[in-house]
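To start, the structure itself, in structure tokens.
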Amino acid sequence: MNKINLIIADDNEDSVEILDYFIEQLPEFEVISICKDGEQLVQEVMAKSPDLLLVDINMPTINGVDAIKKCLRIKPNLNFIFITGYDEFAVKAFELSALDYIVKPIEKTRLYMALERAKNSIGIDRNQSKKPGEQLKRLPVKFNGSTYYIPIDQIIFIEKSGKK
């Protein structure tokens with residue numbers, strides 16, 4: 001299996017150093033870029049198409065949540081985990097379909113659990129998209145100003161009520 005390419009986006013050098021060290025211990029993951037702000041993250045995602053992002057929320061230029069929103073407009077199947085010192089953004093993170101939300105300080109076992117979950121999710125995505133150029137089959141659903149991408153194979157029933 002190919003390595004899972006990931007980008008770390010965090011303006012705190014200590015956090016980046018810890019994450020990079022923990023990830024180096026896992027042979028199936030490779031850090032392909034480190035971003036210091038949200039604008040750089042958006043540019044790197046577009047240029048390098050990573051499999052996974054580890055994103056801090058409070059960063060210069062564009063915060064992590066807004067940077068992810070920008071990335072999702074172009075790459076709706078992007079996998080990302082928020083790693084931040086703020087627990088109050090957790091609901092927003094999961095509304096964006098984050099794979100996980102880790103509150104700092106970073107604990108090795110907690111990070112490895114999240115990366116294992118990401119690896120399983122990415123493995124499923126890779127298996128589903130074997131044909132080049134084929135989009136993953138997800139249904140975009142707009143609700144309360146947000147767009148959710150629901151895997152079609154997980155939909156059991158759909159009902160429309162008026163314009164909802």
Side-chain angles (χ1 to χ4, degrees), residues 1-59 62-86 89-130 132 134-138 140 147-151 153-154:
M1 183 180 149
N2 296 337
K3 285 190 175 196
I4 293 172
N5 295 321
L6 66 86
I7 292 177
I8 297 172
D10 197 325
D11 60 326
N12 183 311
E13 287 184 33
D14 292 337
S15 293
V16 170
E17 213 173 286
I18 291 166
L19 284 169
D20 197 32
Y21 175 77
F22 286 159
I23 292 165
E24 279 178 3
Q25 314 305 309
L26 303 171
E28 62 269 30
F29 290 90
E30 183 174 357
V31 177
I32 57 170
S33 183
I34 295 173
C35 304
K36 301 290 183 201
D37 62 57
E39 188 64 46
Q40 186 183 6
L41 172 64
V42 173
Q43 292 169 1
E44 287 292 289
V45 167
M46 299 312 142
K48 297 185 176 173
S49 291
D51 299 311
L52 179 64
L53 305 177
L54 301 181
V55 183
D56 185 20
I57 289 182
N58 190 15
M59 291 189 295
I62 303 174
N63 72 43
V65 172
D66 291 338
I68 290 294
K69 285 180 184 177
K70 281 187 171 192
C71 293
L72 287 172
R73 283 190 207 117
I74 295 149
K75 298 187 180 294
N77 298 315
L78 194 59
N79 293 292
F80 56 95
I81 297 170
F82 283 112
I83 299 178
T84 183
Y86 303 93
F89 294 102
V91 172
K92 188 67 180 165
F94 288 112
E95 284 176 358
L96 292 172
S97 299
L99 294 175
D100 211 330
Y101 189 94
I102 301 172
V103 179
K104 294 177 184 177
I106 301 160
E107 295 176 16
K108 183 177 176 179
T109 53
R110 178 70 180 88
L111 175 66
Y112 285 1
M113 284 172 37
L115 291 174
E116 186 64 30
R117 192 174 307 127
K119 185 171 76 171
N120 292 336
S121 177
I122 292 165
I124 290 167
D125 286 353
R126 283 182 176 167
N127 292 338
Q128 287 177 350
S129 61
K130 289 184 178 174
E134 182 182 287
Q135 290 280 334
L136 289 179
K137 293 174 178 60
R138 294 182 188 231
T147 302
Y148 302 88
Y149 294 90
I150 303 167
D153 62 349
Q154 292 183 5

Between [atom1] on residue [X] and [atom2] on residue [Y], distance to nearest 0.5 Å:
X      : Y      : atom1 : atom2 : result
Leu96  : Lys69  : CG    : NZ    : 6.0 Å
Ser121 : Asp100 : OG    : CG    : 11.5 Å
Lys92  : Asp66  : NZ    : CG    : 8.5 Å
Leu111 : Glu107 : CG    : CD    : 10.5 Å

Practice problem: Give a yes or no answer on whether the side chain of Tyr112 reaches the backbone of Leu26 with a donor-acceptor pair at less than 3.5 Å. | Solution: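 Looks like no, no N/O pair under 3.5 Å.
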Closest heavy-atom contact between [X] and [Y]?
X      : Y      : answer
Arg117 : Leu99  : NH1-O, 3.8 Å
Asp10  : Lys104 : OD2-NZ, 2.8 Å
Ile57  : Phe82  : CG1-CD2, 3.7 Å
Leu6   : Ile8   : CD1-CG1, 3.8 Å
Ser15  : Ile106 : O-CD1, 4.2 Å
Phe29  : Ile23  : CB-CG2, 3.8 Å

Exercise. Walk me through it: do Ile83 and Asp56 pass the test side chain to side chain contact (heavy atoms under 4.5 Å, CB included)?
Key: CA-CA 5 Å; Ile83 299 178; Asp56 185 20; over 6 Å; no
Is the shortest heavy-atom distance from the side chain of [X] to the side chain of [Y] under 4.5 Å?
X     : Y      : result
Thr84 : Tyr101 : yes
Met59 : Val55  : yes
Val45 : Leu78  : yes
Leu54 : Leu115 : yes

Quiz prompt | Set of residues satisfying side chain to side chain donor-acceptor pair (under 3.5 Å) with respect to Asn12, sequence neighbours excluded | solution =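 So Asn12 forms no side chain to side chain donor-acceptor pair (under 3.5 Å) with any residue.
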Quiz item: side chain to side chain donor-acceptor pair (under 3.5 Å) with Lys75: which residues, sequence neighbours excluded?
Solution: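 Partners of Lys75 by the side chain to side chain donor-acceptor pair (under 3.5 Å) criterion, ordered by chain and then number, come out as Ser49.
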Self-check item: Chi angles and distances behind the side chain to side chain contact (heavy atoms under 4.5 Å, CB included) call for Asn63, Asn58
Solution: CA-CA 5 Å; Asn63 72 43; Asn58 190 15; 5.7 Å; no
Exercise. Taking atom CD of Glu24 as the centre, report whether more than 12 heavy atoms of other residues, nucleotides or ligands fall under 6.0 Å from it.
Key: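 Yes.
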Quiz item: Does CD belonging to Gln25 count more than 12 external heavy atoms closer than 6.0 Å?
Solution: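 Check passes, neighbour count above 12.
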Practice problem: May I ask you to decide whether Lys119 forms a salt bridge with Asp51, counting only side-chain N to carboxylate O separations under 4.0 Å? | Solution: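 So Lys119 does not pair with Asp51 through a salt bridge.
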May I have the list of side-chain donor-acceptor pairs in residues 30-44 shorter than 3.5 Å, sequence neighbours left out?
{"from": "Ser33", "atom 1": "OG", "to": "Glu44", "atom 2": "OE1", "distance (Å)": "2.6"}
{"from": "Asp37", "atom 1": "OD1", "to": "Glu39", "atom 2": "N", "distance (Å)": "3.0"}
{"from": "Asp37", "atom 1": "OD1", "to": "Gln40", "atom 2": "N", "distance (Å)": "2.8"}
{"from": "Asp37", "atom 1": "OD1", "to": "Thr61", "atom 2": "OG1", "distance (Å)": "3.3"}
{"from": "Gln40", "atom 1": "OE1", "to": "Lys36", "atom 2": "N", "distance (Å)": "2.9"}
{"from": "Glu44", "atom 1": "OE1", "to": "Lys48", "atom 2": "NZ", "distance (Å)": "2.9"}

